[in-house]
Amino acid sequence: MAALPACLVALVVALIFLRLNKPPLATIQSPDGDVIDCVHISKQPAFDHPLLKNHTIQMRPSCHPGGMYHESHITHHPINQTWHLNGKCPENTIPIRRIKEEDVLRASSMTRYGTKRTGSIPNSNSINDPETPNVLRGHQHAVASAQVDKCDGTKISINLWQPTISRANAFSLTQLWIIGGSYSGNDLNTIEAGWQVYPHFYSDNNPRLFIYWTSDAYKTTGCYNLLCSGFVQTNNQIAIGGSISSIFSTYGGTQYDFDILVWKDPEGGNWWLQVGSIDVGYWPSSIFSYLADSASSIMWGGEVFSPDAGQTSTRMGSGHFPKEGFGKASHMKNIQLVDSSNYLRPPNDVQLVTEQPHCYNVRNGISDDWGTYIYYGGPGKNPYCP
């Protein structure tokens, strides 16, 4: 961060704290160093948004999508977070990871704290398109995508790993993207959810549950987790941005998966987030333009970022290539779309996108047990990816 007078830095940090750290009714000290504030549901950051000043909280979705894929064969893993070891938040509160002074001071820009850069999303048409933000400028992806007509969500079973990060301000993540609009019109809308390892942002190497949204191609709207107004949380069990307890997949050993479902409520139009079997909260439709109606494309897969010149050695997923298969390469399975009738179905015409397949790659397939699935990831820098 550029040098600023100490008094100005202190003032900016104080204003950020005032905006983000709401007065708690209870506080829990997590063993991983996080402080979890239990904030009354009506006092959460979402309601600082000008479009949500008189918003009535939707405490639960009107219904869930029908047609869960091979539901009887799916083992639902509970989502355990490290802070759960030391307590739980009371009813009518939500758990919020407290922002500390060092978190803000680590940021390259205090005014952009908690936001992604433009060009953070892969596009099958953008890799060689000079009019699109350069996705190779530090960001690399290995994803599957589906172009859809009036899609209302997606569901995945996501494989959890703890990839090695080459340096503190690099990251590795696995996520879903729900997309409408475009970069060219500066009106790209996204809803994003998954897990990430991001030492510079969270001050550790733990995999953490995260969300993101934007309604203007990452320019001025949206943020990670609850670091701006927008997402309305209704559940008191999940801390968005909190670390996931140390049950990670191991190479050649036990695999750990959990489910993420995002869908548009057919009555209220809000986009709900379910993690495991828990309805966590929703993105109100009013904060979007295109996604106030429906999505036009969905993506699933991995991303790494590094500011280093040249190829990074940050791992994606397990750090191994898709060809190694189950238990060695990272996977997503039971990939489904929510159609306009609020019914889950498999995607059609899945396309694969990766900028440098010798660094990170992706493969897809279909099976009776896994439905539509992908293997993805890689080690980054290697003899074939210098």
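- Side chain of T154 to backbone of Q336: a donor-acceptor contact under 3.5 angstrom is found.
- Two rings, from F326 and Y373, have their centers 6.0 Å or more apart.
- Hydrophobic cluster membership is shared by M59 and W272, with clusters built from Ile, Leu, Val, Met, Phe, Trp and Tyr side chains linked at under 4.5 angstrom.
- Looking at heavy atoms from C-beta onward, I247 lies out of side-chain contact with L160 at the 4.5 angstrom threshold.
- At a cut-off of 3.5 Å, with distance as the only test, no side-chain donor of S215 or S289 sits close to an acceptor on the other residue.
- Contact check for W83 versus D34: no side-chain heavy atoms found under the 4.5 Å cut-off.
- Between the side chains of D152 and S294, no donor-acceptor pair is found at a separation under 3.5 Å.
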- Item | Residues Y251, E324; criterion side chain to side chain donor-acceptor pair (under 3.5 Å); working and verdict | CA-CA 10 Å; Y251 183 80; E324 295 193 44; 2.6 Å; yes
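- Using a 4.5 Å heavy-atom cutoff, the side chains of D265 and Y282 are not in contact.
- Geometric assessment of K116 against the ring of Y212 yields a positive cation-pi assignment under the 6.0 Å and 45° thresholds.
- More than 12 heavy atoms of other residues, nucleotides or ligands shown are found within 6.0 angstrom of NE2 on H55.
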- Task: Report the C-alpha distance between N186 and D216 in whole Å, list the side-chain angles of each, state the deciding distance to 0.1 Å, and finish with yes or no for side chain to side chain donor-acceptor pair (under 3.5 Å).
- Result: CA-CA 5 Å; N186 290 326; D216 65 351; over 6 Å; no
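- Centroid-to-centroid, the aromatic rings of Y256 and H331 stay 6.0 Å apart or farther.
- Distance check: T314 OG1 to Q140 CD gives 9.5 Å after rounding to the nearest 0.5 Å.
- F231 is listed as a side-chain neighbour of Q233, based on a closest heavy-atom distance under 4.5 Å.
- In the model, T82 has a side-chain atom that pairs as donor or acceptor with a side-chain atom of S243 under 3.5 Å.
- Closest approach of T234 and G281 over heavy atoms only: OG1-CA, 3.7 Å.
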- Message: Assess the residue pair T115 and Y224 against the criterion (side-chain contact (heavy atoms from CB on, under 4.5 Å)); give the C-alpha distance rounded to whole Å, side-chain angles, the decisive distance to 0.1 Å, and a yes or no.
- Response: CA-CA 6 Å; T115 64; Y224 277 117; over 6 Å; no
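- The closest donor-acceptor contact from the side chain of Q81 to the backbone of A239 lies under 3.5 Å.
- In terms of modelled atom types and a separation under 3.5 Å, the side chain of S30 and the main chain of G33 share no donor-acceptor contact.
- Both I278 and L176 sit in one connected hydrophobic cluster of ILVMFWY residues. Membership requires side-chain heavy atoms under 4.5 Å apart, directly or through other members.
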- Message: Between Y375 and K333, does the side-chain contact (heavy atoms from CB on, under 4.5 Å) criterion hold? Intermediate values first, please.
- Response: CA-CA 9 Å; Y375 285 109; K333 62 184 181 181; over 6 Å; no
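- Within the 3.5 Å criterion, the main-chain N or O of H40 finds no donor-acceptor partner in the side chain of K22.
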- Verdict with supporting geometry, K155 and D259, side-chain contact (heavy atoms from CB on, under 4.5 Å): CA-CA 7 Å; K155 184 177 189 290; D259 294 346; 3.4 Å; yes
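- Put simply, the side chain of Y113 reaches to within 4.5 Å of the side chain of L227, judged on heavy atoms.
- Within the 3.5 Å criterion, the main-chain N or O of S245 finds no donor-acceptor partner in the side chain of N80.
- Closest non-hydrogen pair, I28 versus C89, comes out as CD1-N, 4.1 Å.
- Using a 3.5 Å distance cut-off with no hydrogens or angles, the side chains of H64 and N342 do not pair a donor with an acceptor.
- Using modelled atom types, no side-chain atom of Q274 and backbone atom of V280 make a donor-acceptor pair closer than 3.5 Å.
- Within the model, atoms CG of L52 and CZ of F47 stand 7.0 Å from one another, a figure rounded to the nearest 0.5 Å.
- A ring pair (Phe, Tyr, Trp, His ring centres under 6.0 Å) with F171 is found for one member of W195, F201, F305 and no other, namely F305.
- Without hydrogens or angle criteria, S318 side chain to H320 main chain gives a donor-acceptor distance under 3.5 Å.
- Checked by atom type, the side-chain pair T27/D37 shows a donor-acceptor distance below 3.5 Å.
- With a 4.5 Å cut-off on side-chain heavy atoms, V232 and P284 count as touching.
- Of all non-hydrogen atoms in S145 and V353, the two that sit nearest each other are OG-CG2, 4.3 Å.
- Residues W271 and S285 bring no donor and acceptor atom of their side chains to less than 3.5 Å of each other.
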- Query: Between S166 and T312, is a side chain to side chain donor-acceptor pair (under 3.5 Å) present by the stated rule, with each step listed?
  - Reply: CA-CA 7 Å; S166 64; T312 179; 3.1 Å; yes
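- Applying the 6.0 Å contact sphere to CZ of R167 captures more than 12 heavy atoms from other residues, nucleotides or ligands.
- Side-chain rings of Y360 and H141 stay apart, their centers remaining 6.0 Å or farther from each other.
- N21 contributes a side-chain N or O that, together with a main-chain N or O of I99, makes up a donor-acceptor pair within less than 3.5 Å.
- Neither I366 nor V143 shares a network with the other; the hydrophobic side chains, linked directly or stepwise wherever heavy atoms of I, L, V, M, F, W or Y lie under 4.5 Å apart, form separate groups for each.
- In this structure, S172 contributes its side chain and P163 its backbone to no donor-acceptor pair below 3.5 Å.
- The main-chain N or O of N382 is never found under 3.5 Å from a side-chain atom of H358 such that the two would form a donor-acceptor pair.
- Atom NZ of K328 sits in a sparse spot, with 12 or fewer heavy atoms from other residues, nucleotides or ligands closer than 6.0 Å.
- Annotation: K53, atom NZ; neighbour count of heavy atoms from other residues, nucleotides and ligands within 6.0 Å is above 12.
- At a cut-off of 3.5 Å, with distance as the only test, no side-chain donor of Q196 or Q175 sits close to an acceptor on the other residue.
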- Message: One pair to check against salt bridge (Lys or Arg N to Asp or Glu O under 4.0 Å): D187 and K219. What are the steps and the verdict?
- Response: CA-CA 9 Å; D187 55 6; K219 291 191 177 297; over 6 Å; no
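- No chain of hydrophobic side-chain contacts below 4.5 Å, direct or via other Ile, Leu, Val, Met, Phe, Trp or Tyr residues, connects I36 to L226.
- Residue K100 places its NZ atom among more than 12 non-hydrogen atoms of other residues, nucleotides or ligands, all under 6.0 Å distant.
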- Show your reasoning for whether salt bridge (Lys or Arg N to Asp or Glu O under 4.0 Å) applies to D103 and R98. CA-CA 10 Å; D103 295 330; R98 183 184 296 177; over 6 Å; no
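- Criterion: ILVMFWY side-chain heavy atoms under 4.5 Å apart, direct or through other members. Under it, F288 and I211 are part of a common hydrophobic cluster.
- Side-chain contact annotation: S182 with Y290, donor-acceptor N/O pair under 3.5 Å absent.
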- Item | Stepwise side-chain contact (heavy atoms from CB on, under 4.5 Å) check, N189 with T214 | CA-CA 5 Å; N189 288 199; T214 183; over 6 Å; no
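- Side-chain atoms of P61 and W263, non-hydrogen and from C-beta on, do get closer than 4.5 Å to each other.
- Using a 4.5 Å cut-off on side-chain heavy atoms (C-beta onward), I179 and M299 make contact.
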- Item | side chain to side chain donor-acceptor pair (under 3.5 Å) evaluation trace for D308 with S306 | CA-CA 5 Å; D308 291 335; S306 176; 3.2 Å; yes
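- For the pair L188 and G181, the tightest heavy-atom approach, listed with the atom from each and the gap, is CD1-O, 3.8 Å.
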